[in-house]
A.B. asks: 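This structure is in C-alpha cells; I'll ask about it shortly.
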2 protein chains.
Amino acid sequence: MKKLTMKEIAKLANVSQSTVSRVINGKEGVNEKLAKRVFDVINEVGFVPNKAAQTLKQNQSYIIGVCVTETYNPYFVELIDTLESVARNYGYNILLHNSKRNPILEWESMENFISRQVDGIIFVPTSDYNFEKISKLPIPVVSVTQTHEEFHSVGLDHYKAGQLAAKKFIYTNHKTFGMVGNIPDDKFFGFRDTLAENGFTFQMKNYITIKETSSNSYLIRQDIEDYLDRVTNLEFTSVFTTNDLMAVEFVKAVEDRGIKVPEDISVIGFDDTILSKMMGISSIHQPIEEMVKTTMKLLLDRIEKKVSSKKVQIKLEPTLIERKSSRLK
Amino acid sequence: MKKLTMKEIAKLANVSQSTVSRVINGKEGVNEKLAKRVFDVINEVGFVPNKAAQTLKQNQSYIIGVCVTETYNPYFVELIDTLESVARNYGYNILLHNSKRNPILEWESMENFISRQVDGIIFVPTSDYNFEKISKLPIPVVSVTQTHEEFHSVGLDHYKAGQLAAKKFIYTNHKTFGMVGNIPDDKFFGFRDTLAENGFTFQMKNYITIKETSSNSYLIRQDIEDYLDRVTNLEFTSVFTTNDLMAVEFVKAVEDRGIKVPEDISVIGFDDTILSKMMGISSIHQPIEEMVKTTMKLLLDRIEKKVSSKKVQIKLEPTLIERKSSRLK
DNA sequence: CTGTTAGCGCTTTCAG
DNA sequence: CTGAAAGCGCTAACAG
C-alpha cells in the first residue's frame, strides 16, 4: 500500500478530483458508471482519505477528547472501553488522556485536545482547579461519573449511593459504621445523613483515610494497615468503601488479622468492577453503558448545536449488588 | 477561549504570520522584541496551533496508532498506560483501538490509522489473518508482546516462560502437570518440551481449553467448570495458566470444590498483573516498561528513518514471581 | 452531472 | 531578520 491522494485516484479513474470526493462522500448525482470506476480504483489501491485535510477543511475532526483520572481502577477501563465503542458507532474516534489526578496534566490534555481540533470533550475532573478555564473552552464539554453545575454532566448520584449503603447496614442490624475513602464526599454525606436520620451518629474516628496519592493496591493497603495498627480494635461492624480497590484491600487486611468477613464485619464496595465480582464483595453498581450513552448523546447534541447551551446535569440511580461480604440480616 | 489562528495572533502582535510560526516553533533568528510580543499575545489569548494544519503541511502527525486485542486483562491496560506516557515524553499522542481479537476490526483500525495520518503503528496481532496487508502498510509497524518474523517486534520469550513454569514444577517435585489456555502456543511448547527433557510427558487430556471467545472472568470460569465437571478427578498436581484471569478463575473453581491451593495443586499464572498480586498467585512477570521503551525506540528509529528496514525481533526475558499459590518444595 | 477553483491553517522557501 | 506566497489534501461553491 502506498499513500495516495484523491488527485492520483482521479487520474487513475480518469475523472476530476471533485468527482472522487463526491463518490467517497456518497453525494448523489454522480453517474453510476463513473462512480463504479472510482470505487474500483479505490478498492484496488486501498485508498483512504486524509483526515487531517478533511479536518482542516471542514473544521470538524470527528475526534472526541477523553480525559480520565486513572486507569488503575478497572471501573475507568470499562468506562473508556464503552466510550470508545459508542463513539465509534457515531463515527467518532477517541483521543485518550490520563490526567493521573494531576490538574497540570489535566490542563495540558485540554490544550492538546484543542490543538488536535477535537469536536468535544468528555472528562473526569481531577478537582475544581481548572473548572473556570475548562468551562471557557470553545467546544462542548461534558463531565462524567459525577455531576457538576459548571458543566453539562452525567454521573451517578453519589449521595444516594451513600444512602443505599447506610440503609443496607441499618436493615441488617448493624449499630456501628465505618468508611474507607479519600476526603469526605457526597457518598460520605449520603452515608452519614442516612445514619443520622435513623438515630445513629457517624464517628469520624471510624473514617479510614486513603491518601489521594495512594493510587494502587499496595499503597491503599499501606494506608489501611496504618489505620489498623493505630486503632488496635475496630470499632465498627460495617464499612462502606468508596471504590472496589479499597474494599478488596480492606477485606484482605482484616482477614489477615483474623477478622472474618462478613461474620465480624460487613463490607460494601463501590463501582461493581471485576474486582468485587472476583472477590465476592458486595458493591454499588454503576450503570456504565447508560452513563456513556447519555453522555455521548448530550455531547453530540451540543456538537451539532441542536440544543440550547443551558448546562444540564443528569443523575443516574445507584443499585446495590449483594455478594458474600455483607451479612443478610 | 476562542479558536484563533496564527493570522489573528500575527495581527494582534503586529507581525507577519510566518514570524508567529517561527516563534512558536522556536526557530532562531527572530528579533527578541518581536518574539516577546508574540509570546505575550499567545499567552494572553491562550493560542494553540492547529495540529490538523501542521499534519497536512508536514506530512507528520505526531500520533502513533496503537491497537490492542482486549482491555479486560489488566496486563493490556498497563501496557497502554505505559505506551501513552513513553510516547508523550517523545512528543507523540496515542490513537487507541481495541480489535477485540477480531481481524475485521483489526484491519478497520489499520485503515483508520492511515486515514488519520499516524506516523507509526504498534499493535498486538489478533492472528496472522491480516499479516500480509499490515506488512505492506506505508508506515513503520511494530508488533508487541510476542515476536513475529513478519514485523519488527518486541515481546516476551513465551517459550522460555513455559520452560520457567515447567522447571519450577519439576524442582518442587510435581509429577503430573496441567495447563489452562486457548489453543497451544509457544508457552505450551516450552512447557511441554521442558517436561519431556526431564522425562515427563504432557498429557493433552490435562489441557483445559478456554475458548477464544471467553473474554471475561465469567466465561473463563464456565470453561473451567465444564472441564472440572467432565473429568470428576483432577489428574495433575500443578497447572500453568496462560494469563492471570485464568489462574484466578482456576483457583476459585477448584477451591469451591474443596481442592486446596497450593497443598493439593500448585498454580502459576502469567502476566503478573494486579490480579495475581491481589490473589497471591505465583505468576510469570512481564517487564512492561522495558518492553514499551524498546518498542517505542524501535518504532521512532524507523519513523525517523535512522536505520535500515531489515525486520528485527527482540525477545525479553521472563521471570517467575513466586507467591502462595505454588508450593516451595 | 462534472470540472475548475478557492481556501481551511500551517510551514517553508524565496525575496528583500 | 522579516514578509509574501506557494502548497499540503480535501470540500464545496460555482460555472458550464
Side-chain angles (χ1 to χ4, degrees), chain A residues 2-39 41-42 45-63 91 111-112 114-119 138-139, chain B residues 2-39 41-42 45-63 91 111-112 114-119 138-139:
Chain A
K2 254 192 60 190
K3 268 199 195 173
L4 294 170
T5 67
M6 283 194 180
K7 205 169 153 188
E8 301 171 87
I9 301 297
K11 200 177 291 173
L12 289 170
N14 214 353
V15 296
S16 77
Q17 199 228 53
S18 18
T19 298
V20 177
S21 173
R22 286 186 189 109
V23 170
I24 284 179
N25 294 298
K27 309 273 182 196
E28 38 205 293
V30 179
N31 179 298
E32 275 191 29
K33 269 201 172 151
L34 279 198
K36 182 169 179 336
R37 226 157 70 204
V38 172
F39 273 131
V41 173
I42 287 173
V45 301
F47 170 78
V48 281
N50 182 326
K51 284 229 189 349
Q54 291 180 321
T55 298
L56 184 59
K57 178 68 193 178
Q58 307 190 104
N59 206 21
Q60 177 161 26
S61 61
Y62 292 95
I63 296 178
E111 291 192 318
N112 187 254
I114 301 298
S115 179
R116 291 270 178 211
Q117 308 301 112
V118 305
D119 298 333
I139 53 173
Chain B
K2 254 193 63 192
K3 269 199 197 173
L4 294 169
T5 67
M6 283 193 181
K7 204 170 153 187
E8 301 171 89
I9 302 297
K11 198 176 292 171
L12 290 171
N14 215 355
V15 295
S16 77
Q17 199 228 54
S18 14
T19 296
V20 177
S21 172
R22 286 186 189 107
V23 170
I24 284 180
N25 294 295
K27 308 273 183 199
E28 38 205 292
V30 178
N31 179 297
E32 275 190 30
K33 268 201 170 148
L34 281 198
K36 181 168 182 336
R37 224 156 70 204
V38 172
F39 273 131
V41 172
I42 287 173
V45 301
F47 170 78
V48 281
N50 182 326
K51 284 231 192 338
Q54 292 179 321
T55 298
L56 184 60
K57 180 68 193 176
Q58 310 191 100
N59 207 21
Q60 177 162 24
S61 61
Y62 292 95
I63 297 178
E111 291 192 316
N112 188 254
I114 300 299
S115 179
R116 292 271 178 209
Q117 308 301 109
V118 305
D119 298 333
I139 53 172

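All of these numbers come straight from a predicted model, not from anything done at the bench.
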A.B. asks: Kindly say whether Gln60(B) contributes a backbone atom to a donor-acceptor pair with the side chain of Asp119(B) at under 3.5 angstrom?
C.D. replies: no
A.B. asks: Mind checking whether Val20(A) and Ile24(A) have side chains closer than 4.5 Å, heavy atoms only?
C.D. replies: yes
A.B. asks: Under the criterion side chain to side chain contact (heavy atoms under 4.5 Å, CB included), I'd like the reasoning laid out for Phe47(B) against Glu8(B): C-alpha separation, chi angles, the key distance, then a yes or no.
C.D. replies: CA-CA 10 Å; Phe47(B) 170 78; Glu8(B) 301 171 89; over 6 Å; no
A.B. asks: Nearest whole angstrom, please: distance from the C1' of dC8(D) to the CG of Asn50(A).
C.D. replies: 8 Å
A.B. asks: Rounded to the nearest angstrom, tell me the gap between atom CD in Gln58(B) and atom P in dA6(D).
C.D. replies: 20 Å
A.B. asks: In Å and rounded to the nearest 0.5 Å, what is the CG to CD1 distance from Leu4(B) to Ile114(A)?
C.D. replies: 11.0 Å
A.B. asks: In Å, rounded to the nearest 0.5 Å, how long is the span from OH of Tyr62(A) to CD of Gln117(A)?
C.D. replies: 14.5 Å
A.B. asks: For Lys36(A), which residues count as a salt bridge (charged side-chain N to carboxylate O under 4.0 Å, His left out) partner, sequence neighbours excluded?
C.D. replies: Asp40(A)
A.B. asks: Please list, in 5' to 3' order, the outermost nucleotides of DNA chain C lying under 4.0 Å from any heavy atom of chain A.
C.D. replies: dC1(C) to dG9(C)
A.B. asks: Output the residues of residues 4-14 of chain B in contact with DNA chain C, where contact means a heavy atom of the residue under 4.0 Å from an atom of the strand; sort by number or write none.
C.D. replies: Thr5(B), Met6(B)
A.B. asks: Ignoring hydrogens and geometry beyond distance, is the side chain of Lys57(A) in donor-acceptor contact with the base of dG9(D) at under 3.5 Å?
C.D. replies: no
A.B. asks: I'd like to know whether NZ of Lys11(A) has more than 12 heavy-atom contacts from other residues, nucleotides or ligands below 6.0 angstrom.
C.D. replies: no
A.B. asks: Taking OP1 and OP2 of dA4(D), is either one under 4.0 Å from a side-chain nitrogen or oxygen of Gln17(B)?
C.D. replies: no
A.B. asks: Have a look at Arg37(A) and tell me which of Asn31(A), Val23(A), Val15(A) forms a side-chain contact (heavy atoms from CB on, under 4.5 Å) with it.
C.D. replies: Val15(A)
A.B. asks: Rounded to whole angstrom units, what separation is found between the NZ atom of Lys51(A) and the P atom of dT11(D)?
C.D. replies: 10 Å
A.B. asks: So if I take every side-chain heavy atom of Leu34(B) and compare against dG3(D), dT2(D), dA12(D), which nucleotide ends up nearest?
C.D. replies: dT2(D)
A.B. asks: Which residue pairs satisfy the side-chain hydrogen bond (donor to acceptor under 3.5 Å, both in side chains) criterion with at least one member in residues 14-26 of chain A, sequence neighbours excluded?
C.D. replies: Ser16(A)-Ser18(A), Ser16(A)-Thr19(A), Ser21(A)-Asn25(A)
A.B. asks: By a strict heavy-atom criterion of less than 4.0 Å, which residues belonging to residues 21-29 of chain B are in contact with DNA chain C?
C.D. replies: Ser21(B), Arg22(B), Asn25(B), Lys27(B)
A.B. asks: Can you pull the side-chain hydrogen bond (donor to acceptor under 3.5 Å, both in side chains) pairs that have at least one residue in residues 46-57 of chain A, sequence neighbours excluded?
C.D. replies: Lys51(A)-Ser115(B)
